Every structure is written in structure tokens, then in C-alpha cells.
A.B. asks: 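Structure provided below as C-alpha cells; questions to follow.
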Amino acid sequence: MDKECFTILLGGDVTVTDRLKRAVANSRVIAADGGMRHAAPLGLTPELWVGDFDSASEELLNAWPDVTRQPYPAAKAVTDGEIAVSEALSRGAHSLLLVGALGGARSDHALQHLLYAVALAERGFRVTLTSGEEEARPLLAGSLTIDLPAGSLFSVAGFTTLEGLNIGNVRYPLNDFVLAFGSSRTISNVANGGPVHFSLKSGKAIVLARPYDLTGA
């Protein structure tokens with residue numbers, strides 16, 4: 001087990017895929033409220049279960065009697081997901097996989113997870129968000145490599161103007177590109193297969209990839 005790698009189970013939708021199962025293997029696990037429902041399908045047993053438990057059914061609560069619970073009041077200043085991440089960091093996490101962070105009924109939560117991931121990356125943590133079918137990684141000044149199947153779709157969404165953006169091993173490469181804030185220029189690119197290379201001189205962005213969506217092939 002990698003003691004610095006944590007999977008955080010969140011409340012959004014999840015599709016169990018081989019890629020996701022490989023990603024969570026050998027990690028430590030913390031569940032946030034109703035995110036515990038993803039534990040059994042992924043073959044995981046969390047070491048901690050946090051939240052106000054307003055999204056956890058009685059059936060789910062009864063199914064995991066031996067997992068340590070850390071309850072919080074419903075009227076609190078942070079989300080259950082942020083509490084779970086904070087617990088992981090206090091236990092030595094350096095790499096975080098946020099499962100159930102994308103999609104679902106709460107678009108406000110999904111957006112907050114993306115923003116929070118960027119903030120965590122700025123602090124030096126490696127963060128991946130996933131629904132199983134879609135993945136997201138923060139892109140800051142520096143470089144980033146993501147392994148994607150040939151023909152799979154990905155996009156870069158800038159949270160600021162991006163300066164000096166480079167994207168390689170893709171159908172539509174960019175070199176020292178300036179992406180204006182709000183521009184759709186970097187939506188729906190296609191991976192050539194293998195490592196996709198990103199680098200950035202300045203700015204903040206998210207790379208959203210769909211490794212099982214081969215409509216670009």
C-alpha cells in the first residue's frame with residue numbers, strides 16, 4: 001500500500017472501469033458521506049468515513065459497521081469532501097484521487113471540486129478527479145503528462161488567461177500559445193495515443209479527459 005496516496009470517495013456519479021480500478025489499487029481510502037456507496041463496487045474498505053451523513057442511507061450505514069465514523073453537523077462551513085481531503089492531508093497524503101468529483105446532480109459541488117483541485121495543486125499536491133469515464137487534472141505553470149488512448153477526447157479549460165501553452169502528441173498541437181480567458185480554442189482535442197504533454201508558462205487551468213470516449217478516432 002502507498003501510504004501517501006489517498007482515494008477520496010465523493011458523492012458524484014461513478015462508472016467502475018478498469019482504468020479506475022487500477023488507479024485506486026493500493027491506495028488508502030477515506031469516504032465522504034454518501035460517497036461510501038462507491039466503496040463496494042470498487043472493492044475498497046475506507047479507513048475513515050466523515051460527514052454529516054445526510055446522504056447516507058440506513059442500508060449504507062448498516063453495511064459498514066466496522067469503519068470508523070467521524071460525524072459533523074449539517075450546518076458547517078465546509079463540504080464533506082473538503083473535510084475528507086483535510087483528513088487525508090493530516091494523515092500524510094501527497095497524492096489525491098477524488099472519485100465521484102465530476103458530474104452528478106450537484107453542479108456546484110463539481111465546480112467546487114475543480115477549483116479546490118487547482119488550489120491543492122498550487123500547494124504541491126498531485127490531484128486527479130474522476131467519474132470513471134471522465135478525468136481531470138490541474139494544469140499550472142510547469143509541465144504535466146497524461147497517458148491517454150489514441151482517439152480519446154480531452155479539453156483544456158482555462159480559469160485565467162494562459163500564457164505559453166504547449167500541447168504535444170495530439171491531433172491539434174499548440175506551441176507557445178496564448179489562450180484568452182473564456183476562449184473555446186482548447187476544447188475537444190484528440191490524443192494520438194500514449195503520453196500527452198502539456199506545459200505552461202503562466203496561468204491556471206484544468207485538463208478534462210475522456211479516456212473511453214474514442215469518437216475522435
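Computed over heavy atoms, backbone and side chain alike; hydrogens, waters and symmetry mates excluded. Owing to the predicted nature of the structure, the values given are computational and were not obtained by experimental measurement. By convention here, the first residue in the shown sequence is residue 1.
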A.B. asks: Which value, rounded to the nearest 0.5 Å, describes the distance between D213 atom CG and S152 atom OG?
C.D. replies: 8.0 Å
A.B. asks: Ignoring hydrogens, what is the shortest heavy-atom contact between I8 and A84? Give both atom names and the distance.
C.D. replies: CG2-CB, 3.7 Å
A.B. asks: About how many Å separate CG of L20 and OG1 of T15, when rounded to the nearest 0.5 Å?
C.D. replies: 9.0 Å
A.B. asks: So, do Y116 and L96 sit near enough that their side-chain heavy atoms are less than 4.5 Å apart?
C.D. replies: no
A.B. asks: Spell out, yes or no, whether L111 and V85 are grouped together once hydrophobic residues are joined by side-chain heavy atoms under 4.5 Å, including indirect joins.
C.D. replies: yes
A.B. asks: As an exercise, state the distance from CD of E134 to CG of D13, rounded to the nearest 0.5 Å.
C.D. replies: 11.5 Å
A.B. asks: So if you build clusters from Ile, Leu, Val, Met, Phe, Trp, Tyr with side-chain heavy-atom gaps below 4.5 Å, do F125 and L10 land together?
C.D. replies: yes
A.B. asks: Can you tell me how far the OG1 atom of T160 sits from the CG atom of L200, to the nearest 0.5 Å?
C.D. replies: 7.5 Å
A.B. asks: With hydrophobic residues grouped by side-chain heavy-atom distances under 4.5 Å, do L48 and F6 end up in a single group?
C.D. replies: yes
A.B. asks: Go through it in stages, so that I can follow the logic: the residues are L61 and R69, the test is side-chain contact (heavy atoms from CB on, under 4.5 Å), and I'd like the CA-CA distance, side-chain angles, deciding distance and then a yes or no.
C.D. replies: CA-CA 10 Å; L61 291 167; R69 299 178 190 178; 3.6 Å; yes
A.B. asks: Just so I know, are the side chains of L129 and L208 near enough to count as touching, which here means a heavy-atom distance under 4.5 Å?
C.D. replies: no
A.B. asks: Starting at CG of L98, measure out to CG of L120 and round the result to the nearest 0.5 Å.
C.D. replies: 7.5 Å
A.B. asks: Could you state whether V196 and F177 fall into the same hydrophobic cluster, counting links through intermediate Ile, Leu, Val, Met, Phe, Trp or Tyr residues with side-chain heavy atoms under 4.5 angstrom apart?
C.D. replies: yes
A.B. asks: Which heavy atom in P41 sits nearest to a heavy atom in V16, and how many Å separate them?
C.D. replies: CB-CG2, 3.8 Å
A.B. asks: If every non-hydrogen atom of D80 is compared with every non-hydrogen atom of A32, which pair is closest and at what distance?
C.D. replies: O-CB, 3.7 Å
A.B. asks: So, for W49 and W64, which heavy atoms are closest and what is the spacing to 0.1 Å?
C.D. replies: CZ3-CB, 4.0 Å
A.B. asks: For L114 and A136, which heavy atoms make the closest approach, and how far apart are they?
C.D. replies: CD2-CB, 3.9 Å
A.B. asks: So do the side chains of L153 and V190 get within less than 4.5 Å of each other, counting heavy atoms only?
C.D. replies: yes
A.B. asks: Would you indicate whether the side-chain heavy atoms of E47 and T68 approach each other to under 4.5 Å?
C.D. replies: no
A.B. asks: Look at the side chain of H38 and the backbone N and O of G12, then say whether any donor-acceptor pair between them is shorter than 3.5 Å.
C.D. replies: yes
A.B. asks: Strictly by side chain to side chain donor-acceptor pair (under 3.5 Å), give each pair with a member in residues 170-191 just once, sequence neighbours left out.
C.D. replies: D176-K201
A.B. asks: Go through R137 and F154 one step at a time and tell me if the side-chain contact (heavy atoms from CB on, under 4.5 Å) criterion holds.
C.D. replies: CA-CA 11 Å; R137 291 279 301 278; F154 73 91; over 6 Å; no
A.B. asks: Verify the neighbour count for atom CZ of R126: are there more than 12 heavy atoms of other residues, nucleotides or ligands below 6.0 Å?
C.D. replies: no
A.B. asks: Show your reasoning for whether side-chain contact (heavy atoms from CB on, under 4.5 Å) applies to R91 and I30.
C.D. replies: CA-CA 11 Å; R91 293 168 186 237; I30 295 177; 4.3 Å; yes
A.B. asks: Given 3.5 Å as the limit, does a donor-acceptor pair link the side chain of R28 with the main chain of K3, or not?
C.D. replies: yes
A.B. asks: How close do T7 and L44 get, heavy atom to heavy atom, and via which atoms?
C.D. replies: CG2-CD1, 4.3 Å
A.B. asks: Do S27 and L97 touch side chain to side chain, with heavy atoms closer than 4.5 Å?
C.D. replies: no
A.B. asks: Is it possible for you to say whether F53 and L60 belong to one hydrophobic cluster, with membership spreading through side-chain heavy-atom contacts below 4.5 Å?
C.D. replies: yes
A.B. asks: Identify which one of V118, L115, L162 satisfies the side chain to side chain contact (heavy atoms under 4.5 Å, CB included) criterion when paired with K204.
C.D. replies: V118
A.B. asks: When you measure from the side chain of Y212 to the backbone of R19, do you find a donor-acceptor pair of N or O atoms at a distance under 3.5 Å?
C.D. replies: yes
A.B. asks: Would you compute the distance between atom CD1 of I206 and atom OG of S155 and round it to the nearest 0.5 angstrom?
C.D. replies: 12.0 Å
A.B. asks: Donor-acceptor pairs under 3.5 Å, side chain of residues 140-150 to any protein atom, not counting sequence neighbours: which ones?
C.D. replies:
residue: T145; atom: OG1; partner: H197; partner atom: ND1; Å: 3.4

A.B. asks: Heavy atoms, side chains only, cut-off 4.5 Å: are L179 and L174 in contact?
C.D. replies: no
A.B. asks: Using modelled atom types and a 3.5 Å cut-off, is there a donor and acceptor pairing between side-chain atoms of D33 and backbone atoms of A56?
C.D. replies: yes
